[in-house]
**Student:** 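Here it is: the structure, laid out below.
Note on naming: letters A, B, ... go to the chains in the order of the sequence lines (proteins, then strands), and numbering restarts at 1 for each one.
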Amino acid sequence: MKIDAARDLILSAVTAIPAGAIASYGVVGERAGLQRSARMVARVLSQLPAGSAVPWFRVVRSGGRIAFASGSRSFQRQRKLLEAEGCVVSDEGRVRAARADNSLDALLWGPMMGSGE
DNA sequence: ATACTGACCCCCG
DNA sequence: ACGGGGGCCAGTA
């Protein structure tokens, strides 16, 4: 598969994440139909143009942590966007999705969905 | 071709 | 909660 096609699938998967929900890089990759593509997802998002409509901020690391260093510019940007959707973000970057427990159909998470509540 | 890097992931102390 | 190690795939030099 060509990279452009993969990028398209990835962006579609990210766009499919409902507001108030979050998904890990790995899950986004799998949902896009790609294997072991977490790094590629990260790369695609990092190359995303500033004004894009893609909800990149709903993508977090496995474990529900914001990928950026706590306190960094990007971290604060992402945190604000998530909180605007009802998510709760700790200073360390742990994200609690606004609608995580119900409506699993659309919600994706990482390998460890059960680690907190 | 090799070598290093990155908004990653997983396993084991 | 910390560390360390390996694997992964694309991009870049």
Side-chain angles (χ1 to χ4, degrees):
Chain A
M1 161 170 330
K2 294 175 67 169
I3 295 305
D4 296 343
R7 192 201 62 237
D8 218 49
L9 291 170
I10 288 170
L11 292 183
S12 294
V14 173
T15 304
I17 305 172
I22 56 178
S24 72
Y25 290 86
V27 168
V28 167
E30 291 192 3
R31 227 180 115 91
L34 306 171
Q35 301 290 326
R36 292 179 289 284
S37 53
R39 297 201 85 134
M40 209 182 108
V41 173
R43 177 157 174 62
V44 167
L45 292 188
S46 74
Q47 304 293 307
L48 210 56
S52 172
V54 177
W56 57 269
F57 52 87
R58 296 183 191 138
V59 183
V60 298
R61 288 200 295 217
S62 79
R65 291 256 282 149
I66 287 180
F68 298 110
S70 169
S72 67
R73 224 40 193 151
S74 301
F75 176 94
Q76 296 176 28
R77 192 155 41 242
Q78 183 167 9
R79 178 180 190 173
K80 190 139 179 100
L81 288 164
L82 286 171
E83 289 175 339
E85 295 188 341
C87 297
V88 180
V89 184
S90 73
D91 287 347
E92 309 131 36
R94 250 218 304 285
V95 183
R96 185 140 44 75
R99 46 174 294 191
D101 20 14
N102 30 31
S103 68
L104 266 300
D105 50 341
L107 178 74
L108 351 122
W109 179 258
M112 40 67 72
M113 269 191 69
S115 95
E117 35 289 59

**Student:** Among B:dC8, C:dC8, C:dA1, which nucleotide has an atom closest to any side-chain atom of A:R36?
**Tutor:**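 Comparing B:dC8, C:dC8, C:dA1 against the side chain of A:R36, the answer is C:dC8.
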**Student:** Hey, which sits more toward the 5' end of DNA chain C by its nearest nucleotide, A:R94 or A:I3?
**Tutor:**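 In this pair, the answer is A:R94.
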**Student:** Distance check needed: C:dC9 C1' versus A:L45 CG, whole Å only.
**Tutor:**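 Distance check: A:L45 CG to C:dC9 C1' gives 15 Å.
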**Student:** Sticking with atom C1', work out how far C:dA13 lies from B:dA7, rounded to a whole angstrom.
**Tutor:**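 To the nearest whole Å, 22 Å.
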**Student:** Just the rounded figure in Å: distance from C1' of B:dA7 to CZ of A:R79.
**Tutor:**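 About 18 Å, once rounded to whole Å.
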**Student:** Measure CD/A:E30 against P/B:dC8 and give the value in whole Å, please.
**Tutor:**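 Computing the A:E30:CD to B:dC8:P distance gives 17 Å.
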**Student:** Any side-chain to backbone donor/acceptor pair from A:S37 onto A:M40? Under 3.5 Å, distance only.
**Tutor:** no
**Student:** Under a 4.5 Å side-chain heavy-atom rule over Ile, Leu, Val, Met, Phe, Trp and Tyr, are A:V41 and A:L48 clustered together?
**Tutor:**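 Yes.
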**Student:** Quick one: A:Q35 CD to C:dA10 P, roughly how many Å, whole number?
**Tutor:**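 From A:Q35 CD to C:dA10 P: 12 Å.
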**Student:** Do A:R39 and B:dG6 have a side chain to base donor-acceptor pair shorter than 3.5 Å?
**Tutor:**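 It does, because a donor-acceptor pair links the side chain of A:R39 to the base of B:dG6 below 3.5 Å.
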**Student:** Figure out the CD1/P separation between A:I10 and C:dC8, and round it to whole Å.
**Tutor:** 18 Å
**Student:** How many Å lie between NZ on A:K2 and C1' on C:dC9, as a whole number?
**Tutor:**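 Distance, rounded to whole Å: 18 Å.
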**Student:** From the list B:dC9, C:dG11, B:dA7, which nucleotide is the closest neighbour of the side chain of A:R43?
**Tutor:** C:dG11
**Student:** Could you tell me the separation between the CG atom of A:L34 and the P atom of B:dC9, rounded to a whole number of Å?
**Tutor:** 14 Å
**Student:** Rounded to whole Å, please give me the gap between OH in A:Y25 and P in C:dC9.
**Tutor:**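 Answer to the nearest Å: 19 Å.
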**Student:** State whether the side chain of A:S70 and the backbone N or O of A:D91 hold a donor-acceptor pair below 3.5 Å, judged by distance alone.
**Tutor:** yes
**Student:** So, does A:S37 get its side chain near the phosphate of C:dC8, meaning an N or O under 4.0 Å from OP1 or OP2?
**Tutor:** no
**Student:** Does A:E85 use its side chain to pair, donor to acceptor, with the backbone of A:P18 at less than 3.5 Å?
**Tutor:**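 No, A:E85 side chain to A:P18 backbone: no donor-acceptor pair under 3.5 Å.
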**Student:** Taking the side chain of A:S24 as heavy atoms from C-beta outward, which of C:dC8, B:dC9, C:dT12 is closest to it?
**Tutor:** B:dC9
**Student:** Would a single hydrophobic cluster contain both A:F68 and A:V88, if residues Ile, Leu, Val, Met, Phe, Trp and Tyr are joined by side-chain heavy-atom contacts under 4.5 Å?
**Tutor:**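 No, separate clusters.
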